[in-house]
Amino acid sequence: MTRQRLPIGIQYFTRLRESNSYYVDKTPLIQDLIERGDHYFLSRPRRFGKSLLLDTIKTLFEGRKDLFEGLAIYDHWDWSVSYPVVRLSFDRIYREPRDIERSILSQLNEIEQEATLSTSIWQTAPEYLSDVLYRLHRKTGRPVVVLIDEYDIPILDLLTEPEQARNNRNYLRGFYRTIKGSAEHIRFVFVTGISMFSKVSLFSGLNNLEDISLNPHFSTICGYTDEDLDTVFEPELTDVDRDKVRTWYNGYNWRGEARLYNPFDLLLFFRNREFKPHWFETGSPTFLLQTLMQKRVTPPDLEGVLADESLLSKFDIDDISAEALMFQTGYLTITQEVSAGHRTAYRLNYPNQEVRLGLNDEFLTYLSPKHRIPDAEGHDLCALLEAQDFSGFAETLHALLSDIPYQWDQTTNLADYEAWYASLLLMCFRSIGVSVKKEESSIRGRADMIVELGEKVFVFEFKLADSAAKTHSALEEALKQMRHQGYGEPYKKRTVQLVAVAFVRKLTSPLEVRAEPL
């Protein structure tokens, strides 16, 4: 196969096809979508191909037959019929409703001019849209296709300013009501965005949208599969470690059989041939980190979390769960469906190494007032463990934890306090790619943490002492617990060290570490 252009950043179907770029054919799914219904909503993370999908639908309805030659839909579409299209995008910054209004008016004016309609006299966006839909239908004799891209950006960008976000939400609620009110002039509606804002809060005026975000049949309508790599991108696979590519970038799933790559990640990897967090670096996760802290959740706490569909679909300005926020923004994905009586729950986890490591490091950096480099701490701690210098390990760990003050309410119970510091240590190890597990189950219990360094395995148990004078007894208790519960038994064919860590609540005294071989 001949190498083609990598469509990095290309969101327009015409440009992609005319530039001889790679294209993963989504037209079979698009055709199914159009034949099954006419009002849809789709949520996918940023940079996942939503804009290109909408533009492909736009070009199809416009009847641009030449651009679809060689694609699956070419011989299965009535090219003798074309439809007018109104496509609106909200991919800018909107501080308040009047900014949204101006943007909509400007976009509708461009559509009006392109369709050679007479200039409208309407002064508000809802009136203008209603009038444009009516006049396009009357002029062409065909009902209008309405496509809305990034519908939620005016709200998402202002989540740190709830009042402005509410104002924008209320404005959009009224605007979207116009679409339903113009139903007689509309052929097809497709709305895309990142989040699944509650239909009650935003789409109460457009409540006939079918949400296909978790529909298994349309799970691959955006993104690339392994099969796509083997066929469409075969020329780019020379000297590529496929297993490493999967580990780094594959893993997204919306209840379908195939796991997906983020197109942005994969295309940049093919161009630069470097394993880097391409997608993660394009967004600022500060609001996510703030929300995790408010909810008293650390990144390790989200691994394997269970959530039902109602939770994943619940997203509003005043009611955002950590699981829903992380899932809808692409930091978590579905790994398993679990039946729970008459309901279905979903096991969530990080989709791949890029997201796991990226969020891990951002969280540590966010917490540290001295902006330490996470992987430097991890390397130091690992070196001390391998050398079995547990005294030095204790000093280094104490210095690290002292720089990151306890972030949650001091009245929380001891188990939460221990879990907080165990999570911080786990993230330090994870920052350098060490195999580390939290709350690993054994025959009779669960170890707080397991760290694997080659043939050496370190089993950790954390204990909080009431005072510095009681750390000795806390260490004894931790070691006794690990032996009695058999935490190290699954690894007994390797060199195992049981490591007890004891500290006091405010870390005013150095923590203590004691280790014993299994």
Side-chain angles (χ1 to χ4, degrees), residues 34 37-43 50-51 54-55 57-58 61-62 83-92 94-115 117-158 164-193 195-212 316-317:
I34 295 169
D38 48 28
H39 283 69
Y40 294 104
F41 169 79
L42 175 70
S43 165
K50 300 185 297 296
S51 297
L54 279 192
D55 201 66
I57 294 172
K58 173 180 182 291
F61 273 112
E62 289 174 339
Y83 295 86
V85 178
V86 168
R87 179 183 176 181
L88 300 175
S89 178
F90 295 101
D91 60 347
R92 307 171 193 175
Y94 305 91
R95 300 295 307 173
E96 52 190 40
R98 64 181 178 181
D99 295 331
I100 306 174
E101 177 98 351
R102 290 195 196 101
S103 176
I104 296 172
L105 292 173
S106 175
Q107 292 182 70
L108 288 174
N109 182 255
E110 291 180 10
I111 293 169
E112 192 177 52
Q113 292 181 28
E114 290 177 4
L117 298 175
S118 57
T119 304
S120 176
I121 61 173
W122 300 108
Q123 299 300 311
T124 70
E127 292 173 323
Y128 200 169
L129 175 61
S130 180
D131 184 51
V132 166
L133 293 174
Y134 165 76
R135 288 188 293 142
L136 281 173
H137 189 188
R138 187 179 65 176
K139 177 179 179 178
T140 64
R142 302 286 181 187
V144 184
V145 173
V146 178
L147 307 174
I148 298 178
D149 195 15
E150 307 288 8
Y151 86 98
D152 51 352
I153 291 298
I155 305 171
L156 282 181
D157 281 355
L158 293 174
Q164 288 94 323
R166 290 188 201 97
N167 291 338
N168 283 355
R169 178 196 61 190
N170 294 339
Y171 174 85
L172 288 171
R173 179 192 294 150
F175 176 74
Y176 292 135
R177 186 178 294 116
T178 305
I179 298 175
K180 188 175 182 181
S182 300
E184 63 183 302
H185 305 300
I186 292 176
R187 162 68 179 87
F188 183 83
V189 175
F190 198 2
V191 180
T192 71
S195 61
M196 302 178 194
F197 274 100
S198 167
K199 289 183 179 181
V200 174
S201 69
L202 188 58
F203 289 128
S204 57
L206 187 57
N207 55 11
N208 56 340
L209 291 176
E210 179 185 349
D211 186 352
I212 62 169
D316 205 353
I317 296 166

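The closest donor-acceptor contact from the side chain of K139 to the backbone of A115 lies under 3.5 Å. Side-chain atoms of N168 come within 3.5 Å of backbone atoms of P154 as a donor-acceptor pair (strictly under, hydrogens ignored). With hydrogens and angles ignored, the 3.5 Å screen pairs no side-chain donor or acceptor of S106 with any backbone N or O of R102. Q107 places a side-chain N or O within donor-acceptor distance of the main-chain N or O of S89, the cut-off being under 3.5 Å.
Between L172 atom CG and R177 atom CZ the span is 11.5 Å, to the nearest 0.5 Å. Here the CG-CZ distance, from N167 to R98, works out to 11.5 Å after rounding to the nearest 0.5 Å. Taking CG from D149 and OG1 from T192, the interatomic distance works out to 4.0 Å, rounded to the nearest 0.5 Å. Separating the NZ atom in K58 from the CG atom in L147 is a distance of 8.5 Å, to the nearest 0.5 Å. With rounding to the nearest 0.5 Å, the separation of CD1 in I317 from CG in L158 is 9.0 Å. Interatomic distance, CG of L209 versus OH of Y176, reported as 10.0 Å (0.5 Å rounding).
Side-chain atoms of I104 and F90, non-hydrogen and from C-beta on, do get closer than 4.5 Å to each other. Using a 4.5 Å heavy-atom threshold, the side chains of H185 and L136 count as separate. Using a 4.5 Å heavy-atom cutoff, the side chains of S195 and Y151 are in contact. For the pair H137 and P84, the minimum side-chain heavy-atom distance is 4.5 Å or more. You'll find the side chain of D38 stays beyond 4.5 Å of the side chain of V189, heavy atoms only. In this structure, the side chains of Y40 and D211 stay at 4.5 Å or more apart for every pair of heavy atoms. Annotation: side chain of Y128 is in contact with side chain of L105 (closest heavy-atom distance under 4.5 Å). Annotation: side chain of V191 is not in contact with side chain of L42 (no heavy-atom distance under 4.5 Å).
The closest side-chain donor-acceptor pair between S182 and Y134, if any, does not fall under 3.5 angstrom. Counting only N and O atoms by type, the side chains of Y171 and E101 include a donor and acceptor under 3.5 Å apart. Counting only N and O atoms by type, the side chains of E127 and S130 include no donor and acceptor under 3.5 Å apart.
Aromatic ring centres of F61 and F188: separated by under 6.0 Å. Taking the six-membered ring for Trp and the full ring otherwise, the centers of F190 and F41 sit at least 6.0 Å from each other.
Listed here is the closest heavy atom pair of E62 and V85: CG-CG2, 3.9 Å.
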Item to complete: Let me see the working for R95 and D157 under salt bridge (Lys or Arg N to Asp or Glu O under 4.0 Å), right down to the final yes or no.
Response: CA-CA 9 Å; R95 300 295 307 173; D157 281 355; over 6 Å; no

Query raised in the report: Run the side-chain contact (heavy atoms from CB on, under 4.5 Å) check on V146 and L129 step by step: do they pass?
Result: CA-CA 10 Å; V146 178; L129 175 61; 5.7 Å; no

- Could you walk me through whether R169 and R166 pass the side-chain contact (heavy atoms from CB on, under 4.5 Å) check? CA-CA 5 Å; R169 178 196 61 190; R166 290 188 201 97; 4.0 Å; yes

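Taking the charged nitrogens against the carboxylate oxygens, R135 and E112 do have a contact shorter than 4.0 Å, which makes a salt bridge. R92 has no carboxylate O lying under 4.0 Å from a charged side-chain N of D99, or vice versa, which leaves the two without a salt bridge.
Each of V86, V145, I179 was compared with I186 under the side chain to side chain contact (heavy atoms under 4.5 Å, CB included) criterion, and only I179 meets it.
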